[in-house]
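The structure under discussion appears below in the form of structure tokens.
Hydrogens, waters and symmetry mates are skipped; everything else that's a heavy atom, side chains included, is used.
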Amino acid sequence: MKVEVLASVMHEKPEELTRRMKLASDAVVINQCDRLGYEELLDSGHRIRFCSFPDRGVGRSRNEAILRAEGDICLFADGDLVYEPGYAEAVVDEFVQNPDADMILFNVTIEESRRTYHITERKRVRWYNCGRYGAVSFAVRRESLLTSGVMFSLLFGGGARYGSGEDSLFLKEFMGKGYTVYTAPVTIAREESAGESTWFEGYDEKFFRDRGVLYRFLYGRLAKGMALRFLVAHRDKVCAQVSLRQAYRWMKDGKSREDG
């Protein structure tokens with residue numbers, strides 16, 4: 001099986017990016033910049049295809065990468081990831097051990113204050129706990145991905161109307177079509193530097209309203225209960241500047257406005 005990284009980046013150069021990310025597999029890189037262009041390079045026998053577009057939006061760029069994917073196993077990536085030595089072999093090994101898996105989620109080391117998950121065991125992912133995983137943890141069989149027809153939302157994520165959640169919606173829709181997703185307690189990469197977020201400006205009114213809309217799409221009639229569950233579980237972090245009651249009001253208001 002051949003692993004291929006599908007990376008969404010901004011204003012990068014092929015050689016510098018390949019070296020910084022320590023890519024050791026084939027890759028499709030969608031470079032959001034101010035021009036149209038295509039470059040291809042070989043690095044230690046690996047084919048790196050570098051496509052530049054003036055369009056913006058992480059969902060759009062990930063979809064462009066999916067349309068160009070050729071590997072058996074696809075890994076989603078951002079430009080601030082640095083891959084661990086042997087990551088491609090580790091990913092293949094997990095799929096060999098679990099031939100029923102259409103997608104496997106891996107650990108990516110992220111700054112503690114921003115970390116939403118840490119995998120400690122191999123188990124199946126379900127609808128009620130799919131909201132914690134970022135796209136950079138996804139490794140998916142290309143055949144299953146293309147057959148499913150699932151793409152990333154253009155309403156959610158960096159550069160979109162709502163700040164985040166495109167990865168959770170992608171995962172939920174993929175599983176909703178009957179494809180199996182598992183976790184693996186294996187670290188394949190680390191985030192080198194988060195830099196300045198293109199969407200996150202703190203746990204403010206917009207954050208909670210956007211999260212309310214996301215929960216409506218993720219959980220339907222259970223959205224209010226799941227919103228309260230989220231706030232209670234993370235109140236020390238997300239409710240440091242605003243009361244839990246107010247945050248819950250904003251989340252419910254975001255959900256109800258989208259319903260209307």
Side-chain angles (χ1 to χ4, degrees), residues 3-10 21 27 29-30 32 57-63 65-66 73-84 87 90-91 94 101-120 123-140 145 150-160 162-175 179 181-201 203 207 210-211 213-215 217-219 226 230 233-234 237-238:
V3 170
E4 185 172 50
V5 170
L6 307 183
S8 170
V9 306
M10 294 191 71
M21 291 183 68
V29 179
I30 304 299
Q32 300 169 77
V58 67
R60 186 183 301 277
S61 60
R62 293 204 198 285
N63 292 340
I66 289 172
I73 305 295
C74 298
L75 295 178
F76 293 105
D78 294 328
D80 56 6
L81 289 192
V82 177
Y83 280 100
E84 298 291 341
Y87 71 89
V91 168
E94 289 294 325
D102 295 295
M103 181 188 294
I104 298 178
L105 310 183
F106 291 85
N107 280 323
V108 172
T109 302
I110 293 175
E111 179 186 326
E112 182 67 28
S113 63
R114 299 174 56 252
R115 193 174 74 180
T116 58
Y117 78 97
H118 181 68
I119 299 167
T120 58
K123 64 179 181 180
R124 189 164 174 179
V125 178
R126 303 293 183 177
W127 66 269
Y128 51 80
N129 64 1
C130 70
R132 70 187 69 178
Y133 302 102
V136 296
S137 69
F138 300 176
V140 58
L145 177 58
V150 176
M151 302 291 272
F152 284 91
S153 171
L154 302 185
L155 274 176
F156 293 83
Y162 302 112
S164 66
E166 78 289 349
D167 32 24
S168 301
L169 292 169
F170 181 95
L171 195 53
K172 180 179 182 289
E173 185 180 354
F174 187 73
M175 291 190 297
Y179 295 91
V181 179
Y182 291 85
T183 58
V186 177
T187 299
I188 59 170
R190 70 181 186 275
E191 187 181 75
E192 187 173 63
S193 173
E196 184 176 344
S197 174
T198 58
W199 68 269
F200 183 70
E201 297 180 357
Y203 298 106
F207 171 86
D210 285 3
R211 181 60 61 117
V213 177
L214 173 63
Y215 275 34
F217 281 93
L218 279 177
Y219 305 119
M226 297 299 282
F230 164 77
H234 304 284
K237 179 167 68 172
V238 303

Any L6 side-chain heavy atom under 4.5 Å of F138 side chain: no
CA sep, side-chain torsions, deciding dist, call: L218, W127, side chain to side chain contact (heavy atoms under 4.5 Å, CB included): CA-CA 8 Å; L218 279 177; W127 66 269; over 6 Å; no
Minimum side-chain heavy-atom gap Y87-T187 below 4.5 Å: no
Minimum heavy-atom distance M21-G79, with the two atoms named: CG-O, 4.1 Å
Y215 and F230 aromatic ring geometry - parallel, tilted or perpendicular at 30°/60° bounds: perpendicular
Steps toward side chain to side chain contact (heavy atoms under 4.5 Å, CB included) verdict (D80, V9): CA-CA 8 Å; D80 56 6; V9 306; over 6 Å; no
Check: G57 main-chain N/O paired with Q32 side-chain donor or acceptor under 3.5 Å: yes
Least distance between heavy atoms, V91 atom then L75 atom: CG2-CD2, 4.1 Å
Counterpart residues, salt bridge (charged side-chain N to carboxylate O under 4.0 Å, His left out), relative to D210 (two or more places apart): K206
Heavy-atom closest pair, residues S168 and G131: OG-O, 3.3 Å
Modelled atom types, side-chain donor and acceptor of T109 and E191, under 3.5 Å: no
Heavy-atom closest pair, residues R190 and E84: NH1-OE2, 4.1 Å
From C130 atom SG to E173 atom CD, the distance as rounded to the nearest 0.5 Å: 11.5 Å
Student check: side-chain heavy atoms of M103 and Y179 closer than 4.5 Å: no
Side chain proximity check, Y182 to E94, heavy atoms < 4.5 angstrom: no
Interatomic distance, S137 atom OG to H118 atom NE2 [nearest 0.5 angstrom]: 13.0 Å
Verdict with reasoning, N129 to Y117, per side chain to side chain contact (heavy atoms under 4.5 Å, CB included): CA-CA 10 Å; N129 64 1; Y117 78 97; over 6 Å; no
Centroid separation F76 to F152 less than 6.0 Å: yes
Flag side-chain contact, heavy atom, 4.5 Å: L145 against F170: yes
Charged N-O contact under 4.0 Å between D167 and R132: no
Smallest separation among heavy atoms of R62 and A135, with atom names: NE-CB, 3.9 Å
N107 side chain near I188 side chain, heavy-atom distance below 4.5 Å: no
Nearest-0.5 Å distance, CD1 of residue I73 to CD of residue E4: 11.0 Å
Non-neighbouring partners of Y128 that pass ring pair (Phe, Tyr, Trp, His ring centres under 6.0 Å), sequence neighbours left out: none
Distance (rounded to the nearest 0.5 Å) between D78 CG and S8 OG: 6.0 Å
Side-chain touch V181/L171, heavy atoms, less than 4.5 angstrom: yes
Spacing of L81 atom CG and I110 atom CD1 [to the nearest 0.5 Å]: 7.5 Å
F156 versus G165, closest heavy-atom pair with distance: CB-C, 4.1 Å
Atom pair CZ (F106) and OG1 (T183), whose distance is rounded to the nearest 0.5 Å: 9.5 Å
